[in-house]
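This one's a predicted model, so the numbers in the text were calculated from it and none came from an experiment.
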Amino acid sequence: MDTPRGGVLFSLFMTPSSTGRFGCFGGSFVPETLIEPLLELEAAYASARRDPKFRAALKNELATYVGRPTPLTFAGRLSAALGLRVWLKREDLTHTGAHKINNTVGQVLLALRMKKKRVIAETGAGQHGVATAAAAARAGLPCVVYMGTDDMARQAPNVARMKMLGATVVAVTSGLKTLKDATSEALRAWSADSRETFYVLGSALGPHPYPTMVRDFQSVIGFEARAQILKEEGRLPAHVIACVGGGSNAIGIFTAFLKDRKVALTGVEAGGTGLGPGKHAARFAGGAPGTLHGTYTYLLQDKNGQVLPTHSISAGLDYPAVGPEHAELRRIGRATYAHASDQQAVKAAHELCRLEGILPALESSHALAYLHKARFGKNAIVIVNLSGRGDKDLGTLCP
Ligand SMILES: *Cc1c(COP(=O)(O)O)cnc(C)c1O
């Protein structure tokens, strides 16, 4: 493991090996046709992250378009109810309403630098699709988003937003018609035209260099939060909590705290309606190592290695694999992983609305639910990453 280097945006604790391994996890397990494009992307990103001009452009875009830094809000009434000091990192206040935009703005700047002619993306809940469509429109690049037809029905408002932002939404009808199938379709489309196309991947997942690149773009969350809590409380938090779908908002807030050994890091997965097969997306509770979409990581699979269906009330956590860096952080004991059920997440969403006047995304509500599930020291300082806002979930929260 390397020591941190570079500026705030790119200083890293865990640098993967040249093949993109985090311990035994990660790597790049792809068909022949994707090897060249991934090497090209790796080289372009390595050069961009060292280039002061690229970093300045990204910093400017984050400040003036995304709305960074986001506030760290003290949740006074929730804190009183729990006997804690709870601080919320407000990614819900970013442009388009979730942390996804931190990553899409970075990747689209890279697409421009690589002189690509169009961008493509996969999306589940539609948040990554909306964030990609927005960044692409601003860059003047055409954008195609792959989305399962089941998700299109569940998340109709985000389909409308993507179209309004000029993106073409391609309906994916294969498999379970959700995120896994949309991702497979986007990877296929990329391998068919990688010379002109940039694939904007939405989480800290997929083949190298994506897990590293997405982590780097999201690490701004944690570096801001760390400076903010030191200013507000004069010390580091006892605990940092984030929900884990692919793991990008969690790794985004964890990275800045990795070297602070006394800060406990917890990722919360989707416990769904129970831990039986097909009822959840808690990869660390019910999964085993395997390969999906180019990376070796914890995966929900049957005994023959067939990927299992998943369920979560939050579409953004409903995916059978977890980012490979999380698998390694868990293995070395630096982070722990828990899960919250659909019902616990819904309850936590209502609680935050009533106590703090903030409507959280159902994904983020899994992290909030953990506050009720764990034991903390009295008045312990806890930061919860509020990864997005919950307007998109109103249909589920109050049908
Ligand atoms: C997409 C999404 C997530 C899950 O993705 P990660 O890569 O695990 O962060 C969590 N919260 C919100 C609001 C999302 O839109």
Side-chain angles (χ1 to χ4, degrees), residues 61-62 64-68 70 90-109 111 118-173 177-179 181-183 185-186 189 197-203 214 217-218 243 245-246 248-249 312-319 349 358-365 386-399:
E61 207 59 2
L62 290 176
T64 65
Y65 182 63
V66 172
R68 304 211 72 90
T70 58
R90 300 293 306 281
E91 295 304 296
D92 61 312
L93 294 180
T94 57
H95 177 48
T96 68
H99 68 289
K100 298 277 184 351
I101 191 87
N102 302 323
N103 171 47
T104 62
V105 156
Q107 288 197 43
V108 167
L109 279 179
R118 63 176 196 135
V119 300
I120 60 171
E122 82 295 340
T123 199
Q127 291 298 107
H128 175 60
V130 168
T132 305
R138 187 163 162 82
L141 291 174
C143 173
V144 177
V145 180
Y146 294 84
M147 189 172 191
T149 46
D150 272 20
D151 285 336
M152 288 177 75
R154 281 201 278 186
Q155 308 284 333
N158 274 342
V159 176
R161 286 169 88 197
M162 284 183 263
K163 290 183 176 164
M164 192 71 198
L165 292 165
T168 305
V169 181
V170 175
V172 176
T173 55
K177 309 177 181 72
T178 57
L179 179 58
D181 315 291
T183 306
E185 212 48 47
T197 301
F198 188 102
Y199 178 22
V200 182
L201 206 149
S203 190
V214 175
F217 287 140
Q218 294 292 1
C243 66
S248 70
N249 86 89
S312 171
I313 193 164
S314 62
L317 304 185
D318 201 350
Y319 180 76
I358 298 171
L359 169 57
L362 273 171
E363 290 83 3
S364 324
S365 302
L386 212 70
S387 54
R389 68 180 185 225
D391 307 55
K392 67 182 179 62
D393 299 314
L394 282 174
T396 310
L397 284 166
C398 43

Query raised in the report: Would you say V105 and R138 make side-chain contact, with heavy atoms under 4.5 Å?
Result: no
Query raised in the report: Given side chains that start at C-beta, do those of K100 and V130 come closer than 4.5 Å, heavy atoms only?
Result: no
Report summary line: Minimal heavy-atom distance between V119 and A136, with the atoms involved, is CG2-CB, 3.8 Å
Query raised in the report: Say you draw a straight line from CZ of F198 to CG of L141; how long is it, rounded to the nearest 0.5 Å?
Result: 10.5 Å
Query - Interatomic distance, R90 atom CZ to L386 atom CG [nearest 0.5 angstrom] - result: 6.5 Å
Query - Residue pair Y199 / E122, side-chain donor-acceptor N/O under 3.5 Å - result: yes
Report summary line: dist M147:CE -> Q155:CD (nearest 0.5 Å) comes out at 6.0 Å
Report summary line: Looking only at heavy atoms, the pair that brings G126 and N158 closest together is C-ND2, 3.7 Å
Requested in this report: For the pair D181 (side chain) and T178 (backbone), establish whether a donor and an acceptor sit closer than 3.5 Å, ignoring hydrogens and angles.
Outcome: yes
Query - Exam field: side chain E185 to backbone Y146, donor-acceptor pair closer than 3.5 Å - result: no
Query raised in the report: CG/L179 to OG/S203 distance, rounded to the nearest 0.5 angstrom?
Result: 9.0 Å
Query raised in the report: Do side-chain atoms of S364 reach the backbone of G388 as a donor and acceptor pair under 3.5 angstrom?
Result: yes
**Report entry** Considering all heavy atoms, the nearest S365-A349 contact
**Finding:** OG-CB, 3.4 Å
Requested in this report: Answer whether the closest heavy-atom distance between the side chains of Q127 and E363 falls below 4.5 Å.
Outcome: no
Requested in this report: Taking D393 for its side chain and L362 for its backbone only, find out whether a donor-acceptor pair lies under 3.5 Å.
Outcome: yes
Report task. Show your reasoning for whether side-chain contact (heavy atoms from CB on, under 4.5 Å) applies to H128 and N103. Result -> CA-CA 9 Å; H128 175 60; N103 171 47; 4.3 Å; yes
Query raised in the report: Just by distance, with hydrogens left out, do T104 and T132 show a side-chain donor and acceptor under 3.5 Å apart?
Result: no
Query raised in the report: Ignoring hydrogens and geometry, is there a side-chain-to-backbone donor-acceptor pair from D92 to L359 under 3.5 Å?
Result: no
Query raised in the report: Hey, does the side chain of N102 reach the backbone of L62 with a donor-acceptor pair shorter than 3.5 angstrom?
Result: no
Report summary line: The reported gap from CZ in R389 to CD1 in I358 (rounded to nearest 0.5 angstrom) is 13.0 Å
Report task. Kindly give the heavy-atom pair with the smallest separation between Y65 and A135, and that separation in Å. Result -> OH-N, 4.4 Å
Report summary line: Scanning both residues in full, the closest heavy-atom pair of T123 with G129 reads OG1-N, 3.0 Å
Report task. Mind listing the closest non-hydrogen atom pair of G202 and S248 along with its distance? Result -> O-OG, 4.1 Å
Query raised in the report: Hey, does the side chain of S312 reach the backbone of S314 with a donor-acceptor pair shorter than 3.5 angstrom?
Result: yes
Report task. Identify whether the distance between the nearest side-chain nitrogen and carboxylate oxygen of R68 and E91 falls below 4.0 Å. Result -> yes
Report task. For Q218 and H99, indicate whether the former's side chain and the latter's backbone hold a donor-acceptor pair under 3.5 Å. Result -> yes
